[in-house]
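Everything below concerns the one structure shown next.
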Amino acid sequence: MLKKLLLSLSLISIIFQAFGQDSNKALVKTNYVNNRSPLRQNAYLELPLGAIKPQGWLKEMLVRQKNGATGNLDKLYPLVMNERNGWLGGDGDQWERGPYWIDGLLPLAYILDDKELISKTKPWVEWAIKSQQPDGYFGPSTDYPGQAGLQRDNSRDWWPKMVTLKILKQYYSATGDQRVITLMTNYFQYQLKELPQKPLNNWTSWAKFRGGDNLMVVYWLYNITGDKFLLELGDLLHKQTFDFTNAFLNTDMLSNQGSIHCVNLAQGMKEPLIYYQHHPEQIYLDAMKKGLQDIRKYNGLAHGLYGGDEALHGNSPTQGSELCSAVEMMFTLESGLEITGNTDYADRLEKIAFNALPAQTTDDYMGRQYFQQANQVMATRLMRNFADNHGGTDVCFGLLSGYPCCTSNMHQGWPKFTQNLWYATADKGLAALIYSPSEVKALVADGTEISFKEETNYPFEESIRFTLSLNAKTKQVAFPFHLRIPAWCKQGIVKINGQEFQKADSSQIVKIERTWKSGDVVELLLPMHVFKNKWAENSMSVERGPITYALKIGQEFKTVTNTKDPVDFGKTYVEVRPTTPWNFGIFEVPDAKMSDFYKVEKTGVSTNFPWNLENAPLQLRTKARRIPSWQLYNESAGPLPFSTIYGMETAKEEEEVILVPYGSTKLRISQFPVVGTKK
């Protein structure tokens, strides 16, 4: 830990040097870099990569990534990730897939402080830095003839460089390597010169929609160097990026199926918030708010994402949701939370992380689905009602099933989630805004090092315990500690050393300002209640805390050897079929009686991996009725019965069913028809 502390202090020293001549004296006094004038000061500040360490179930997820595809993709996917990759100087894949992998592998490596994984990232980082040409360009620059399974053209496209810029930003956060600053400065000068003649959409359309990632790193570099040309470049990038602000506020894009690619939406829609840092006008906040509301209204699904397979495709619970959308929307929400401090972004982030993300990957992190369905009753190879079908393999669990962009991009989800559990604050304090078991080391007040240990089984349990540690030389230190009360929590309770400090209503930040001593304990109680939400065809989801609960369906797994098209979709993939009935409707009850009719039970299972049926720590019991006419259609659940059909035919008898956390399922019904009302 001494090594990490020295690194953090060296980074702070670098920041001080960068700001030493700046007229904005407030920046010199901060522990971590905030926005430099004229950029708006952000609510929260990212901690150095490696300062936050996962514990409990979250650490288990990252270890499974290390032992699974994230840590071994070079061996599992050698066609793309071997030494022929263009981002290693070869004549193979020249485009996004290599950078995608490292964008998740690098933060995983430094969070786990894993020397083997760090060594895997080094050749990619070194080649990228050393590839810079005299004019400032970096990256692959030669196109090659087509080859099955590879993307060997558009090597000079702006888009893959945006992913690599994110990699280098993270690498600098972990190491302080000044070569990153030199490369970015030269490359951004190159962009400023070249973009007027070769705009973001010069080679492909992807960069035009995803320019926010480029802009994010431009502002990050400006905060370190203060080079004024970066602000000019930022305005140019904004003008060339798709206008999400206008699209959200003044068009029908989000109510119009097929109007935008699902990952362009998830990844690109943060651009107004990023630009807001330089141009703090309310219109950009309003655009993001309306965009998220309209995604929910017209395309929303109970797992926290939306129908997009791959084009935007409405709110039927059998439409697909792409894994890339999950991890990119998480990063968008993480970025928005840091910039604005808006707790709504944290609520939405936890919904995706605790529902959609774990459900879409296998337990060993060796396989994943390209598309998941909110109502998924068979995960088999068949052409479904998706905007894009890839040999019918899109809902099968495999390394390459569907399309391999997700094979490369799925790795950033949990590491970046971990990196955003804690933030430094603009008032020289610390904030815990996303909750999971973890430990953090950070600087507060006037540079005093502290650590917090966060003990919890959240999101399944209601209590979170924070224990403070100071070094032996520090007797006490005064700093503010920020905690978030989620929207679903009617009233949170904060205790300090066993004494009640404050009751706090939902959707707010509690700020504890006091003088702290080593061993102080803060307990946060977030009482969870069972509640409901309404979706397409008046269907109903049952939720508790940040978790959506889904019908527990018996699951039969079958590994299929793919002799038809292994280059495209992998040598093997796994199909899942139901062994128990799934066509149930549930009863609507008054809000105040939901917990009476939907009984919460602890299963008694204690494990660091809660994300399967066997290990789910909680379940709900309730009564339901089968709907005989609701049957399979193309091996998906048929059209959802409208919940207010007069005289809907159902089975006469009620049956007891079990609902389990959505993230623990591979098959499920999470949006139920309503078959009656209970009072």
Side-chain angles (χ1 to χ4, degrees), residues 54 56-65 68 300-306 317 320-323 325-327 329-330 333 346-369 371-377 379 395 397 406 410-418 421 434-437 456-461 486 488 528 530 533 541-553 555 557 576 600-603 605-620 658-671:
W57 69 261
L58 183 56
K59 183 176 181 179
E60 177 67 20
M61 294 301 294
L62 297 192
V63 170
R64 288 182 182 230
Q65 281 196 241
L301 299 167
H303 50 50
L305 285 164
Y306 49 88
S321 185
E322 188 178 331
L323 180 52
S325 293
V327 297
M329 183 61 85
M330 287 173 63
L333 295 167
D347 294 332
R348 293 176 185 273
L349 170 60
E350 287 190 348
K351 177 63 73 174
I352 298 169
F354 300 145
N355 295 278
L357 185 60
Q360 206 157 358
T361 57
T362 57
D363 291 0
D364 59 6
Y365 223 82
M366 295 289 278
R368 85 294 176 274
Q369 286 180 298
F371 298 143
Q372 67 172 297
Q373 297 169 299
N375 284 359
Q376 184 168 284
V377 297
V395 299
F397 288 86
C406 290
M410 67 178 182
H411 313 284
Q412 67 169 310
W414 290 118
K416 291 184 182 178
F417 177 80
T418 303
L421 295 176
I434 308 296
Y435 300 123
S436 285
T456 184
N457 201 30
Y458 186 91
F460 306 102
E461 294 183 359
W488 49 260
M528 297 180 180
V530 181
N533 265 311
S541 63
V542 179
E543 305 177 34
R544 180 179 179 270
I547 289 180
T548 297
Y549 282 77
L551 180 68
K552 183 178 182 179
I553 300 174
Q555 301 173 159
F557 295 84
V576 191
V600 180
E601 296 181 348
K602 293 184 178 181
T603 63
V605 178
S606 179
T607 175
N608 273 343
F609 186 76
W611 306 113
N612 59 33
L613 292 186
E614 295 73 27
N615 293 348
L618 292 177
Q619 62 185 28
L620 306 183
I658 294 175
L659 311 185
V660 294
Y662 183 104
S664 300
T665 68
K666 292 296 180 277
L667 302 180
R668 67 217 150 228
I669 297 293
S670 65
Q671 296 177 213

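Side chains included, hydrogens not; waters and symmetry mates left out as well; all remaining heavy atoms used.
Within the 4.5 Å cutoff, the side chain of P415 has heavy atoms near those of the L62 side chain. Between L421 and Y435 there is no side-chain heavy-atom pair separated by less than 4.5 Å. Residues L618 and K602 meet the side-chain proximity criterion, which asks for heavy atoms closer than 4.5 Å. The shortest distance between side-chain heavy atoms of T548 and H303 does not fall below 4.5 Å. At least one side-chain heavy atom of M329 sits less than 4.5 Å from a side-chain heavy atom of Y306.
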Could you go step by step and tell me if M410 and Y365 meet the side-chain contact (heavy atoms from CB on, under 4.5 Å) rule?
CA-CA 10 Å; M410 67 178 182; Y365 223 82; 3.9 Å; yes

Before you tell me yes or no, could you show the steps for R668 and Y662 under side chain to side chain donor-acceptor pair (under 3.5 Å), namely the whole-Å CA-CA distance, both residues' side-chain angles and the distance that decides it to 0.1 Å?
CA-CA 8 Å; R668 67 217 150 228; Y662 183 104; 3.1 Å; yes

Take C406 and R368 through the test side-chain contact (heavy atoms from CB on, under 4.5 Å) and record every step on the way to the result.
CA-CA 8 Å; C406 290; R368 85 294 176 274; 4.1 Å; yes

Could you check Q671 against L301 for side-chain contact (heavy atoms from CB on, under 4.5 Å), going step by step and ending with a plain yes or no?
CA-CA 8 Å; Q671 296 177 213; L301 299 167; 3.7 Å; yes

Step by step, would you call Q65 with H411 a side-chain contact (heavy atoms from CB on, under 4.5 Å)?
CA-CA 8 Å; Q65 281 196 241; H411 313 284; 4.0 Å; yes

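Under a cut-off of 6.0 angstrom, the local environment of NZ in K59 is sparse, with at most 12 non-hydrogen atoms contributed by other residues, nucleotides or ligands.
Panel note: side chain N533, backbone S541; no donor-acceptor pair is recorded below 3.5 Å. In this structure, the side chain of N608 does not engage the main chain of L58 through any donor-acceptor pair within 3.5 Å. Between the side chain of Q619 and the main chain of V600, no donor-acceptor pair closer than 3.5 Å is present. A donor-acceptor pair under 3.5 Å links the side-chain atoms of Q555 to the main chain of L667, judged by distance alone. Not one N or O on the side chain of T456 forms a donor-acceptor pair closer than 3.5 Å with the backbone of S436. Side chain of T603 to backbone of P617: a donor-acceptor contact under 3.5 angstrom is found. A donor-acceptor pair under 3.5 Å is absent between the side-chain atoms of S325 and the main chain of S321, judged by distance alone.
Scanning all heavy atoms of the two residues, the minimum distance from A356 to L305 falls at CB-CD1, 3.8 Å. Of all non-hydrogen atoms in I658 and V660, the two that sit nearest each other are CG2-CG1, 4.0 Å. Scanning both residues, I553 and I669, for their nearest heavy atoms gives CD1-N, 4.1 Å. Smallest separation of non-hydrogen atoms from K666 and T361: NZ-O, 3.1 Å. Shown here for V327 and L357, the closest heavy-atom pair between the two residues is CG1-CD1, 4.0 Å. P661 and A616 make their closest contact through CD-CB, 4.0 Å (heavy atoms, listed as atom of the first residue, atom of the second, distance).
Close placement of the F354 and F417 rings is indicated, their centers lying within 6.0 Å of each other.
Between W611 and F460, the two ring planes are tilted [angle within 30° to 60°].
In the model, E350 has a side-chain atom that pairs as donor or acceptor with a side-chain atom of Y458 under 3.5 Å. Counting only N and O atoms by type, the side chains of Q376 and Q369 include a donor and acceptor under 3.5 Å apart.
Annotation: cation-pi pair R64/F609 present, NZ/CZ under 6.0 Å from the ring centroid and within 45° of its normal.
A salt bridge links K351 to E543: one of the charged nitrogens lies within less than 4.0 Å of a carboxylate oxygen.
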